[in-house]
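Heads up, the thing below is written out as C-alpha coordinates.
The first residue in the sequence is number 1, and the count goes up from there. Everything quoted here is computed from the prediction, not taken from an experiment. The figures that follow rest on heavy atoms only: side chains count, while hydrogens, waters and symmetry mates do not.
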Amino acid sequence: MISVENKQIGEIPLLHLARANLFDKKLPLVIFIHGFMSAKEHNLHYAYLLAEKGFRVLLPDCLYHGERRSEETSSHLQFHFWEIVLQTISDLNDLKKYYEDKQLIDSEKIGVVGTSMGGIVTLGALTQYSWIHSAVSLMGMPYYEMLAKAQIAELKNQGKELPMEQSAINELFDRLRERDLSLQPEKLMGRPLLFWHGKRDNIVPYSYAFDYYESIKKHYQQTPQLLQFISDEKADHKVSREGLLKTVEWFEKHLLSSSMMYVTSAEK
(Lines give C-alpha, C1' and ligand atoms only; values in the text may rest on other atoms or scores of the structure.)
Protein backbone atom coordinates (compact mmCIF):
# COMPACT_ATOMS: atom_id res chain seq x y z
CA MET A 1 0.00 0.00 0.00
CA ILE A 2 1.23 3.51 -0.83
CA SER A 3 0.85 6.28 1.74
CA VAL A 4 0.31 9.84 0.51
CA GLU A 5 0.94 12.80 2.79
CA ASN A 6 -0.12 16.35 1.91
CA LYS A 7 2.54 18.48 3.55
CA GLN A 8 3.91 22.04 3.74
CA ILE A 9 7.63 22.69 4.21
CA GLY A 10 8.26 26.40 4.60
CA GLU A 11 6.56 28.00 1.60
CA ILE A 12 6.49 24.75 -0.37
CA PRO A 13 3.29 22.65 -0.51
CA LEU A 14 4.01 19.09 -1.57
CA LEU A 15 2.75 15.55 -1.79
CA HIS A 16 4.96 13.00 -0.07
CA LEU A 17 4.66 9.34 -1.06
CA ALA A 18 6.23 6.10 0.07
CA ARG A 19 5.18 2.54 0.71
CA ALA A 20 3.27 2.39 3.99
CA ASN A 21 5.59 -0.25 5.46
CA LEU A 22 8.63 1.89 4.59
CA PHE A 23 7.26 5.34 5.42
CA ASP A 24 9.46 5.84 8.50
CA LYS A 25 12.55 4.18 7.01
CA LYS A 26 15.57 5.85 5.42
CA LEU A 27 14.91 5.55 1.68
CA PRO A 28 16.34 6.67 -1.66
CA LEU A 29 14.64 9.91 -2.71
CA VAL A 30 13.18 11.11 -6.01
CA ILE A 31 11.88 14.66 -6.40
CA PHE A 32 9.50 15.24 -9.32
CA ILE A 33 9.09 18.78 -10.72
CA HIS A 34 5.91 19.52 -12.69
CA GLY A 35 5.63 21.59 -15.85
CA PHE A 36 4.57 25.17 -16.54
CA MET A 37 0.91 25.80 -15.58
CA SER A 38 0.67 22.33 -14.07
CA ALA A 39 0.67 21.26 -10.40
CA LYS A 40 1.92 18.52 -8.11
CA GLU A 41 -1.22 16.35 -8.30
CA HIS A 42 -0.90 15.97 -12.07
CA ASN A 43 2.08 13.65 -11.72
CA LEU A 44 0.85 11.22 -9.11
CA HIS A 45 1.15 8.33 -11.58
CA TYR A 46 4.93 8.81 -11.67
CA ALA A 47 5.11 9.06 -7.89
CA TYR A 48 2.95 5.97 -7.34
CA LEU A 49 5.11 3.76 -9.56
CA LEU A 50 8.32 5.09 -8.01
CA ALA A 51 6.98 4.63 -4.47
CA GLU A 52 6.02 1.05 -5.33
CA LYS A 53 9.67 0.40 -6.15
CA GLY A 54 10.79 1.56 -2.71
CA PHE A 55 11.51 5.27 -3.22
CA ARG A 56 10.43 8.19 -1.10
CA VAL A 57 8.89 10.60 -3.63
CA LEU A 58 8.23 14.33 -3.30
CA LEU A 59 5.91 16.27 -5.61
CA PRO A 60 6.27 19.98 -4.78
CA ASP A 61 4.21 22.83 -6.18
CA CYS A 62 6.42 25.34 -7.98
CA LEU A 63 6.15 29.06 -7.26
CA TYR A 64 2.84 30.54 -8.55
CA HIS A 65 1.48 27.04 -9.28
CA GLY A 66 -1.00 24.77 -7.53
CA GLU A 67 -1.50 25.88 -3.93
CA ARG A 68 1.03 28.69 -4.50
CA ARG A 69 -1.02 30.25 -7.27
CA SER A 70 -2.46 33.75 -6.91
CA GLU A 71 -4.81 35.76 -9.07
CA GLU A 72 -2.20 38.48 -9.25
CA THR A 73 0.30 36.28 -11.06
CA SER A 74 -1.90 33.77 -12.92
CA SER A 75 -2.73 36.11 -15.80
CA HIS A 76 0.93 37.09 -16.30
CA LEU A 77 2.59 33.78 -15.54
CA GLN A 78 4.73 33.84 -18.68
CA PHE A 79 6.60 36.88 -17.37
CA HIS A 80 7.57 34.93 -14.25
CA PHE A 81 8.97 31.85 -16.00
CA TRP A 82 12.61 32.30 -14.99
CA GLU A 83 11.69 33.49 -11.50
CA ILE A 84 9.80 30.21 -11.11
CA VAL A 85 12.70 28.14 -12.47
CA LEU A 86 15.27 29.80 -10.21
CA GLN A 87 13.07 29.55 -7.12
CA THR A 88 12.34 25.88 -7.79
CA ILE A 89 16.05 25.11 -8.00
CA SER A 90 16.43 26.76 -4.59
CA ASP A 91 13.42 24.84 -3.24
CA LEU A 92 15.08 21.54 -4.11
CA ASN A 93 17.83 22.14 -1.58
CA ASP A 94 15.31 23.06 1.13
CA LEU A 95 13.39 19.83 0.54
CA LYS A 96 16.53 17.71 0.56
CA LYS A 97 17.76 19.30 3.79
CA TYR A 98 14.40 18.84 5.55
CA TYR A 99 14.19 15.10 4.88
CA GLU A 100 17.91 14.68 5.50
CA ASP A 101 17.53 16.26 8.94
CA LYS A 102 14.63 13.88 9.62
CA GLN A 103 16.93 10.98 8.63
CA LEU A 104 14.33 9.76 6.16
CA ILE A 105 16.49 9.78 3.03
CA ASP A 106 19.72 8.21 1.89
CA SER A 107 21.75 11.30 0.94
CA GLU A 108 23.83 9.24 -1.51
CA LYS A 109 20.72 8.13 -3.42
CA ILE A 110 18.83 11.20 -4.63
CA GLY A 111 17.24 11.64 -8.04
CA VAL A 112 15.52 14.62 -9.68
CA VAL A 113 13.13 14.47 -12.62
CA GLY A 114 10.77 16.90 -14.30
CA THR A 115 8.54 17.47 -17.31
CA SER A 116 8.99 20.47 -19.62
CA MET A 117 9.71 23.37 -17.24
CA GLY A 118 10.45 20.70 -14.65
CA GLY A 119 13.01 19.17 -17.01
CA ILE A 120 14.57 22.60 -17.47
CA VAL A 121 14.75 22.95 -13.67
CA THR A 122 16.31 19.49 -13.38
CA LEU A 123 19.12 20.28 -15.80
CA GLY A 124 19.82 23.62 -14.15
CA ALA A 125 19.89 21.98 -10.72
CA LEU A 126 22.75 19.75 -11.88
CA THR A 127 24.95 22.86 -12.04
CA GLN A 128 24.21 23.69 -8.40
CA TYR A 129 23.96 20.45 -6.46
CA SER A 130 26.53 17.67 -6.44
CA TRP A 131 24.17 15.70 -4.18
CA ILE A 132 21.94 14.88 -7.16
CA HIS A 133 23.02 11.36 -8.07
CA SER A 134 20.78 10.69 -11.09
CA ALA A 135 18.47 12.80 -13.24
CA VAL A 136 15.78 12.52 -15.91
CA SER A 137 14.74 15.34 -18.24
CA LEU A 138 11.35 14.80 -19.85
CA MET A 139 10.92 17.38 -22.64
CA GLY A 140 13.43 19.72 -20.99
CA MET A 141 16.54 21.49 -22.28
CA PRO A 142 19.61 23.14 -20.70
CA TYR A 143 20.08 26.32 -22.79
CA TYR A 144 18.94 28.88 -20.22
CA GLU A 145 20.56 31.97 -21.73
CA MET A 146 19.58 31.12 -25.30
CA LEU A 147 15.95 30.41 -24.36
CA ALA A 148 15.64 33.59 -22.29
CA LYS A 149 16.96 35.71 -25.16
CA ALA A 150 14.54 34.03 -27.56
CA GLN A 151 11.63 34.68 -25.18
CA ILE A 152 12.53 38.36 -24.87
CA ALA A 153 12.86 38.70 -28.65
CA GLU A 154 9.44 37.10 -29.11
CA LEU A 155 7.82 39.48 -26.60
CA LYS A 156 9.34 42.44 -28.43
CA ASN A 157 8.10 41.10 -31.76
CA GLN A 158 4.60 40.92 -30.27
CA GLY A 159 4.89 44.54 -29.17
CA LYS A 160 4.64 43.64 -25.49
CA GLU A 161 6.35 45.76 -22.88
CA LEU A 162 8.99 43.91 -20.86
CA PRO A 163 8.11 43.74 -17.14
CA MET A 164 11.61 44.75 -15.99
CA GLU A 165 14.31 47.32 -16.62
CA GLN A 166 17.40 46.49 -18.67
CA SER A 167 19.55 46.39 -15.52
CA ALA A 168 17.26 43.73 -14.06
CA ILE A 169 17.41 41.78 -17.32
CA ASN A 170 21.21 41.88 -17.21
CA GLU A 171 21.16 40.63 -13.63
CA LEU A 172 18.79 37.84 -14.65
CA PHE A 173 21.14 36.74 -17.42
CA ASP A 174 24.00 36.58 -14.93
CA ARG A 175 21.96 34.24 -12.74
CA LEU A 176 20.87 32.14 -15.70
CA ARG A 177 24.43 31.67 -16.94
CA GLU A 178 25.38 30.26 -13.53
CA ARG A 179 22.71 27.58 -14.00
CA ASP A 180 23.10 27.02 -17.75
CA LEU A 181 24.33 23.45 -18.08
CA SER A 182 25.20 23.99 -21.74
CA LEU A 183 27.90 26.46 -20.64
CA GLN A 184 29.43 24.17 -18.01
CA PRO A 185 29.19 20.50 -19.04
CA GLU A 186 31.88 19.65 -16.49
CA LYS A 187 29.14 20.01 -13.85
CA LEU A 188 27.64 16.76 -15.15
CA MET A 189 30.43 14.87 -13.35
CA GLY A 190 29.48 11.69 -15.18
CA ARG A 191 26.18 11.37 -13.33
CA PRO A 192 23.42 9.15 -14.78
CA LEU A 193 21.26 11.30 -17.08
CA LEU A 194 18.28 10.27 -19.19
CA PHE A 195 16.48 12.42 -21.77
CA TRP A 196 13.04 11.68 -23.23
CA HIS A 197 11.63 13.91 -25.97
CA GLY A 198 8.98 13.78 -28.65
CA LYS A 199 10.14 14.69 -32.14
CA ARG A 200 6.90 16.61 -32.81
CA ASP A 201 7.24 18.80 -29.71
CA ASN A 202 6.35 22.39 -30.67
CA ILE A 203 6.70 23.83 -27.16
CA VAL A 204 10.26 22.80 -26.23
CA PRO A 205 11.91 21.93 -29.56
CA TYR A 206 13.31 18.42 -29.79
CA SER A 207 16.56 19.71 -31.30
CA TYR A 208 17.40 21.70 -28.15
CA ALA A 209 17.60 18.52 -26.10
CA PHE A 210 19.06 16.21 -28.73
CA ASP A 211 21.80 18.61 -29.82
CA TYR A 212 22.87 18.96 -26.21
CA TYR A 213 22.87 15.20 -25.74
CA GLU A 214 25.11 14.82 -28.79
CA SER A 215 27.47 17.48 -27.44
CA ILE A 216 28.00 15.74 -24.09
CA LYS A 217 28.44 12.16 -25.30
CA LYS A 218 32.21 12.67 -25.24
CA HIS A 219 31.98 13.19 -21.48
CA TYR A 220 30.52 9.68 -21.12
CA GLN A 221 32.91 7.76 -23.36
CA GLN A 222 34.06 5.57 -20.48
CA THR A 223 30.53 5.07 -19.10
CA PRO A 224 28.07 5.27 -22.04
CA GLN A 225 25.46 3.34 -20.07
CA LEU A 226 25.01 6.39 -17.81
CA LEU A 227 23.74 8.64 -20.63
CA GLN A 228 20.67 7.87 -22.71
CA PHE A 229 18.33 9.72 -25.05
CA ILE A 230 14.92 8.26 -25.91
CA SER A 231 13.25 9.79 -28.96
CA ASP A 232 9.55 9.33 -29.64
CA GLU A 233 8.82 9.70 -33.36
CA LYS A 234 5.12 10.46 -32.90
CA ALA A 235 4.92 12.33 -29.59
CA ASP A 236 4.40 16.06 -29.27
CA HIS A 237 4.56 17.89 -25.93
CA LYS A 238 3.25 15.00 -23.87
CA VAL A 239 5.21 12.17 -22.28
CA SER A 240 4.16 8.72 -23.44
CA ARG A 241 3.60 5.74 -21.19
CA GLU A 242 6.95 4.43 -22.39
CA GLY A 243 8.55 7.65 -21.13
CA LEU A 244 6.89 7.14 -17.76
CA LEU A 245 8.08 3.54 -17.46
CA LYS A 246 11.59 4.36 -18.66
CA THR A 247 11.82 7.07 -16.00
CA VAL A 248 10.96 4.59 -13.26
CA GLU A 249 13.33 2.04 -14.76
CA TRP A 250 16.17 4.60 -14.88
CA PHE A 251 15.95 5.42 -11.19
CA GLU A 252 15.43 1.79 -10.26
CA LYS A 253 18.63 0.92 -12.13
CA HIS A 254 20.83 3.76 -10.93
CA LEU A 255 19.49 4.55 -7.46
CA LEU A 256 17.80 1.44 -6.16
CA SER A 257 20.07 -1.38 -7.28
CA SER A 258 22.32 -1.06 -4.23
CA SER A 259 19.45 -0.12 -1.96
CA MET A 260 17.19 -3.15 -2.30
CA MET A 261 17.82 -3.83 1.39
CA TYR A 262 15.21 -1.13 2.13
CA VAL A 263 12.52 -3.15 0.39
CA THR A 264 13.49 -6.73 1.08
CA SER A 265 14.22 -6.26 4.78
CA ALA A 266 10.83 -4.69 5.34
CA GLU A 267 9.06 -7.56 3.61
CA LYS A 268 10.63 -10.34 5.68
Side-chain angles (χ1 to χ4, degrees), residues 1-4 14-22 27-36 38-60 105-106 109-123 125-126 132-142 191-201 203-204 206 208-210 212-213 217 220 223-260 262-264 266-267:
M1 184 174 71
I2 305 300
S3 292
V4 182
L14 62 99
L15 295 176
H16 167 209
L17 291 82
R19 284 172 50 173
N21 60 332
L22 302 175
L27 300 176
L29 173 69
V30 174
I31 305 175
F32 194 105
I33 309 300
H34 64 72
F36 188 65
S38 183
K40 58 185 182 300
E41 296 87 359
H42 298 183
N43 297 291
L44 275 166
H45 51 312
Y46 287 91
Y48 180 86
L49 292 178
L50 286 163
E52 271 197 325
K53 296 294 184 181
F55 290 103
R56 187 174 306 284
V57 187
L58 306 180
L59 299 171
I105 61 171
D106 182 341
K109 299 288 183 180
I110 299 176
V112 178
V113 53
T115 54
S116 192
M117 181 185 74
I120 292 172
V121 168
T122 297
L123 295 171
L126 289 173
I132 299 175
H133 178 282
S134 305
V136 177
S137 169
L138 304 167
M139 309 181 300
M141 62 97 226
R191 287 176 284 184
L193 177 59
L194 169 66
F195 293 87
W196 183 96
H197 220 110
K199 284 194 170 182
R200 298 182 180 180
D201 193 333
I203 305 296
V204 180
Y206 170 87
Y208 284 11
F210 188 75
Y212 179 70
Y213 162 75
K217 285 167 71 173
Y220 287 84
T223 55
Q225 73 279 8
L226 300 184
L227 179 66
Q228 185 177 357
F229 195 106
I230 300 174
S231 301
D232 191 306
E233 298 288 336
K234 298 180 180 179
D236 50 22
H237 198 63
K238 183 178 180 180
V239 182
S240 66
R241 178 165 176 79
E242 181 197 19
L244 161 64
L245 297 178
K246 289 295 185 181
T247 296
V248 176
E249 181 183 303
W250 188 258
F251 287 125
E252 184 179 16
K253 179 179 180 181
H254 295 289
L255 285 181
L256 205 58
S257 58
S258 60
S259 305
M260 287 305 293
Y262 297 120
V263 179
T264 56
E267 291 179 336

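- Below 30°, between 30° and 60°, or above 60°: for Tyr206 and Phe210 the angle between ring planes is below 30°, a parallel geometry.
- The closest side-chain heavy-atom distance from Leu227 to Tyr213 is below 4.5 Å.
- Side-chain contact between Phe195 and Leu123 is present, with at least one heavy-atom pair separated by less than 4.5 Å.
- Between Val136 and Thr122, every side-chain heavy-atom pair lies at or beyond the 4.5 Å cut-off.
- Residues satisfying the ring-ring contact (aromatic ring centres under 6.0 Å, His included) criterion with Tyr48, sequence neighbours excluded, are absent altogether.
- Although no hydrogens or angles enter the test, the distance criterion places a donor-acceptor pair under 3.5 Å between the side chain of Ser240 and the main chain of Gly243.
- Residues satisfying the side-chain contact (heavy atoms from CB on, under 4.5 Å) test with Gln228, not counting sequence neighbours, are Leu194, Ile230, Trp250.
- Rounded to the nearest 0.5 angstrom, Asp201 CG and Asp236 CG are separated by 7.0 Å.
- Applying the side-chain contact (heavy atoms from CB on, under 4.5 Å) rule to Ser116 yields the partners Met139, Val204, His237; only residues at least two apart in sequence or on another chain are considered.
- Panel note: side chain Thr223, backbone Leu226; no donor-acceptor pair is recorded below 3.5 Å.
- Annotation: Phe55 is not in aromatic contact with Tyr46 [ring centroid separation under 6.0 Å not met].
- Rounding to the nearest 0.5 Å gives a distance of 9.5 Å between NZ of Lys253 and NZ of Lys246.
- From Glu41, atom CD reaches atom CG of Leu59 across 8.5 Å, with rounding to the nearest 0.5 Å.
- Checked by atom type and distance alone, the side chain of Arg191 pairs as donor or acceptor with a backbone atom of Ile132 at under 3.5 Å.
- Here the CG-CG distance, from Leu27 to Leu255, works out to 12.0 Å after rounding to the nearest 0.5 Å.
- Taking NE2 of His197 as the start and NZ of Lys199 as the end, the distance is 12.0 Å to the nearest 0.5 Å.
- Note that CE of Met117 is 13.5 Å distant from CD1 of Ile203, once rounded to the nearest 0.5 Å.
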